[in-house]
Every structure is written in structure tokens, then in C-alpha cells.
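In what follows, every chain begins at residue 1, and chains take the letters A, B, ... in the order their sequences are listed. The figures that follow rest on heavy atoms only: side chains count, while hydrogens, waters and symmetry mates do not.
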Protein chains: 2
Amino acid sequence: MLLVNDVKWVETLSFRFGVLGALIADRYAQALAEHGLKLKHVGLLGALDTAPGASQLEIAKLMRVAPSLVVSLADHLEAAGAIERLRDPADRRRQVLSLTDRGRDLLARCTARALALDAELTEGLTPAQRAALTAAFDRLAAAHGLPVRERPVREQPDADPR
Amino acid sequence: MLLVNDVKWVETLSFRFGVLGALIADRYAQALAEHGLKLKHVGLLGALDTAPGASQLEIAKLMRVAPSLVVSLADHLEAAGAIERLRDPADRRRQVLSLTDRGRDLLARCTARALALDAELTEGLTPAQRAALTAAFDRLAAAHGLPVRERPVREQPDADPR
DNA sequence: TCCAAATCATTCATGGCCAGAACGGTTTGG
DNA sequence: CCAAACCGTTCTGGCCATGAATGATTTGGA
């Protein structure tokens with residue numbers, strides 16, 4: 001049994017993050033299929049929710065994806081009536097995207113489905129473990145430039161930072 | 001801002017697991033490139049470390065991957081001198097794989113590299129948070145059938161299970 | 001003992017997903 | 001007023017991985 005610093009390769013956080021991420025994404029994608037959506041479709045809806053009225057290029061940057069991919073994603077979502085495409089009158093090159101009511105509803109359903117999966121994933125974890133997970137994910141998300149909501153600090157509201 | 005149960009979609013564990021998993025895997029893959037390896041190559045080395053002397057089919061099941069993929073991965077690793085392929089004399093259909101010294105060395109390097117990334121990822125977390133995080137990942141890995149080492153229990157060594 | 005079915009590894013064709021190049025329409029700034 | 005930059009779109013190509021088809025070997029009855 002090969003050990004480096006007392007840990008095996010398969011016990012490495014880097015390895016597990018990749019594998020579990022793919023596994024969980026797969027499970028979620030399967031659940032999404034019944035809405036006729038792929039993961040990135042919901043990604044676009046979500047991006048549009050945090051950046052309302054964004055252009056396709058802005059969405060592409062937010063999603064870290066080629067602009068050409070946004071085209072096909074938006075095509076599908078538009079055909080499904082989830083988003084609206086509007087030429088910006090001030091700059092007729094830009095396509096401004098916005099969620100329709102149906103799109104918002106869809107996103108809400110997908111969010112609910114994700115929360116259900118979240119609950120299943122964290123079932124059996126202690127409260128401390130759950131807290132550590134969300135804390136770590138918040139940190140990582142912020143460190144990687146993903147959208148993060150500032151959570152209200154509940155502890156000492158202002159420990160002297162000396 | 002669309003909220004379901006007070007959380008946005010992008011704050012969902014399911015979403016973040018997928019995205020961060022892919023992001024981290026990407027970073028690690030980049031580090032691996034200097035060894036001329038892809039992620040799954042190291043995956044094979046790691047699988048072979050936890051299941052020494054396994055056949056290709058067993059490795060495929062362990063890695064949750066098509067047997068045909070193991071062929072090309074093993075081809076590459078064998079050419080690199082990291083593994084040995086041996087026909088099982090007792091059943092000449094089976095190809096028994098085993099790590100060479102060079103393979104073990106390679107795996108050790110990759111593990112060390114992963115640990116360095118791990119440290120960077122968890123930097124800023126308190127020791128308690130790190131412990132809770134690894135515990136949570138242990139649970140998730142176990143729940144998904146990934147190899148997990150039983151860690152020595154340090155608390156009450158034998159609470160009466162009545 | 002013998003043969004049909006099962007098993008393992010391998011090759012090959014195929015598909016999904018995505019980035020990058022090429023193009024037309026539009027805006028900007030000198 | 002025109003060249004350069006910019007945005008969206010189409011289309012081609014690459015990478016990765018699966019599944020089907022093949023050949024070699026083993027196994028479990030009849």
C-alpha cells in the first residue's frame with residue numbers, strides 16, 4: 001500500500017473532488033433529463049438569474065465557455081420558451097437575454113431538484129461536517145471566481161483585527 | 001434574484017460539486033501533463049495500488065470505465081514502463097497488471113502533487129474544518145462505492161452497542 | 001469427451017461535447 | 001469616412017469515451 005504523508009492517492013482531496021464531482025453531476029444530469037435539459041442549460045438559466053439582462057458574450061465569460069456554445073444553449077432555451085433574445089437597440093450587435101416566467105419556473109424546479117440531491121448527499125453528515133462542507137465550498141467558489149452571496153456573519157460581529 | 005428555500009441555484013451543493021470538481025480536475029490535469037499523464041492514467045495506477053495484481057476487467061469495474069478504455073490506458077502506461085502486463089498462467093484470457101518500481105515512483109509523485117493542491121485548496125480553513133471536510137468526503141466516497149480506508153477511531157474505542 | 005455458451009482482451013467505428021477558425025453585420029475612434 | 005475592434009453565428013475538427021464486432025480461451029453440461 002503506497003503512502004505519501006500517510007495518505008493514499010485515492011484518499012486525496014483532489015482526486016475525490018474530481019470523481020465525486022463527475023458522479024454527482026451525472027446523477028443531477030439524469031434528473032434534469034426529464035425537463036429536456038442538459039447541465040449547461042441550467043447553468044445558463046442560473047447565470048442569467050445572477051446577471052439579468054446580460055449579453056451572450058457576458059454569459060459566456062460567466063460560464064467560462066466559448067461564445068459559440070452559448071449560441072446553441074440559448075437556441076434550445078429560446079425554443080423551449082425559457083428565455084427571450086432581444087437585440088440591444090443601443091448596440092445592435094448584442095443579444096440581450098432574459099428569463100421568461102417559464103424560465104424562472106424551470107430554474108426554480110431545477111433548484112428544488114438540486115436541493116433534494118443536496119439533502120440526500122449530506123444525509124448522515126454531522127452538522128459540523130455540513131458546515132465545513134459549505135464553508136469550504138464558499139471559499140473555493142470565491143477563490144475560483146464563482147458567484148458567492150455574502151452570508152450574514154453571526155458570530156462576533158467585529159472582533160478587533162489587531 | 002430567484003430563491004428556493006432561501007438559496008440560489010448557484011449556491012447549491014450539487015451545482016458547485018460539479019463545477020468545482022471539473023475546475024480542480026482541470027488544474028490537476030495540467031500539473032500531470034508534465035509527467036505525460038492524463039487523469040485516468042493516474043487513476044489506473046491508483047486502482048492498481050489498492051487492488052494489486054488485478055485483471056484489466058477488474059480495473060475497469062473499479063474505475064467505472066469501459067474495458068476498452070483500460071486497454072489504451074494500460075498500453076500507454078506499459079510503454080512508459082510504469083506497469084507490467086502478464087498473462088495469467090492459470091487463465092490465459094486474463095491480463096494481470098502490476099506496478100513496476102517506476103510506476104510506484106510515478107504514483108508517489110502524483111500523490112505528492114495532489115497533496116500540494118489539496119493544501120492550497122484547504123488553505124484558510126481551520127484544522128477542525130479540514131478534519132470535518134475529509135470526514136465528509138470519506139462518507140461521500142463510501143456512499144458512492146469508492147475505496148475508503150477505515151481510519152482508526154480515536155474516541156470511545158468501544159461504546160456499548162446496546 | 002466434446003461442443004455450445006460464457007468470458008476476457010482487443011480493435012474499430014461511432015457519438016457527444018466543446019473549442020477555435022472563419023464570416024457577416026455593427027460599432028467605434030481617429 | 002474608413003480601418004480596426006467587437007458580437008453573434010456557422011461550421012469544421014479534436015478529444016474522450018462507449019458499444020459492437022472479433023478472436024482467443026475457458027467452462028459446464030450432454
Side-chain angles (χ1 to χ4, degrees), chain A residues 15 18-19 21-30 32-33 36-44 47-48 51 53-79 83-98, chain B residues 18-19 21-30 32-33 36-45 47-48 51 53-79 83-98:
Chain A
F15 169 73
V19 175
L23 239 44
I24 292 170
D26 250 27
R27 288 180 63 180
Y28 187 53
Q30 204 164 351
L32 247 40
L37 296 179
K38 309 266 185 186
L39 258 151
K40 304 237 159 163
H41 291 133
V42 189
L44 175 39
L48 215 42
S55 74
Q56 295 190 183
L57 193 65
E58 289 162 345
I59 292 289
K61 281 174 183 163
L62 220 65
M63 294 181 65
R64 296 159 188 228
V65 136
S68 54
L69 184 57
V70 178
V71 176
S72 58
L73 293 175
D75 280 349
H76 184 237
L77 289 173
E78 188 183 22
I83 66 171
E84 248 181 357
R85 248 192 190 128
L86 216 59
R87 286 254 166 228
D88 183 349
D91 182 346
R92 310 203 10 254
R93 290 170 301 182
R94 296 163 47 93
Q95 295 266 52
V96 173
L97 306 182
S98 55
Chain B
V19 176
L23 240 45
I24 292 169
D26 250 27
R27 286 179 64 180
Y28 188 54
Q30 205 165 351
L32 248 40
L37 296 179
K38 310 269 184 183
L39 257 150
K40 303 236 159 163
H41 290 134
V42 189
L44 176 38
L45 293 180
L48 215 39
S55 74
Q56 294 190 185
L57 192 66
E58 289 162 345
I59 292 290
K61 281 174 183 162
L62 220 65
M63 294 180 65
R64 295 159 188 228
V65 134
S68 54
L69 183 58
V70 177
V71 175
S72 58
L73 293 175
D75 279 350
H76 185 238
L77 289 173
E78 188 182 22
I83 66 171
E84 248 181 356
R85 249 194 191 126
L86 216 60
R87 285 255 165 228
D88 183 349
D91 182 345
R92 310 204 9 255
R93 289 169 302 181
R94 295 161 48 91
Q95 295 266 50
V96 173
L97 305 181
S98 56

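- Nucleotide dG16(C) holds its P atom 15 Å from the CG atom of Asp26(A), rounded to whole Å.
- Close to dC17(C), at under 4.0 Å from its OP1 or OP2, lies a side-chain N or O of Lys38(A).
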Under 3.5 Å, which donor-acceptor pairs link side chains of residues 36-44 of chain A to any protein atom two or more places apart or in another chain?
from, atom 1, to, atom 2, distance (Å)
His41(A), ND1, Lys38(A), N, 2.8
His41(A), NE2, His76(A), ND1, 3.3

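- Remark: Ser68(A), Val71(A) in residues 59-73 of chain A come within less than 4.0 Å of DNA chain D through at least one heavy atom.
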Check nucleotides 26-30 of chain C against the protein and report each pair of N or O atoms closer than 3.5 Å, with its distance, or say if there are none.
from, atom 1, to, atom 2, distance (Å)
dT26(C), OP1, Arg92(A), NH2, 2.9
dT27(C), OP1, Arg92(A), N, 3.1

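- Distance CD (Gln56(B)) to P (dT25(D)): 15 Å, rounded to an integer number of Å.
- Two residues are said to be in side-chain contact when any heavy atoms from C-beta on lie closer than 4.5 Å; Glu58(B) and Val70(B) fail this criterion.
- In this structure, OG in Ser55(A) is found 13.0 Å from CG in Leu86(A), a value given to the nearest 0.5 Å.
- Leu37(B) has its CG atom 13 Å from the P atom of dC16(D), to the nearest Å.
- Going from atom CG of Leu57(A) over to atom C1' of dG25(C) covers 16 Å, rounded to whole Å.
- Contact record, Ala60(B) with Pro67(B): CB-CA, 3.9 Å, taken as the closest heavy-atom pair.
- Here the CG-CD1 distance, from Leu69(A) to Ile59(A), works out to 12.0 Å after rounding to the nearest 0.5 Å.
- Defining each end axis of the helix from dT1(C)-dA30(D) to dG30(C)-dC1(D) as the rotation carrying four pairs' C1' atoms onto the next four, with five pairs an end, the two axes are found to diverge by 0° to 10 degrees.
- When rounded to the nearest whole Å, the span between CZ of Arg94(B) and P of dT26(D) equals 12 Å.
- Shown here is Glu78(B), whose CD atom has more than 12 heavy atoms of other residues, nucleotides or ligands within 6.0 Å.
- For Tyr28(A), there are no ring-ring contact (aromatic ring centres under 6.0 Å, His included) partners at least two apart in sequence or on another chain.
- In this entry the distance linking CG of Leu77(B) with C1' of dA9(C) reads 16 Å, nearest Å.
- Between Ala51(B) and Leu62(B), the shortest heavy-atom distance links the atoms CB-CD2, 4.0 Å.
- If you take CG of Leu44(A) and P of dC17(C), they are 16 Å apart, rounded to a whole angstrom.
- Following rounding to the nearest Å, His41(A) (NE2) and dC17(C) (C1') show an atom-to-atom distance of 12 Å.
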For this session: Under the side-chain contact (heavy atoms from CB on, under 4.5 Å) rule, what do Asp75(A) and Arg85(A) come out as? Steps first, then yes or no, please.
Result: CA-CA 9 Å; Asp75(A) 280 349; Arg85(A) 248 192 190 128; 2.9 Å; yes
Contacts under 3.5 angstrom, residues 89-97 of chain B side chains, donor-acceptor by atom type, not counting sequence neighbours:
from, atom 1, to, atom 2, distance (Å)
Asp91(B), OD1, Arg93(B), N, 3.1
Asp91(B), OD1, Arg93(B), NE, 3.1
Asp91(B), OD2, Arg93(B), NH2, 3.0
Arg94(B), NE, Asp88(B), OD2, 3.3

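- Considering only heavy atoms from C-beta on, Leu23(B) comes within 4.5 Å of Arg64(A) through its side chain.
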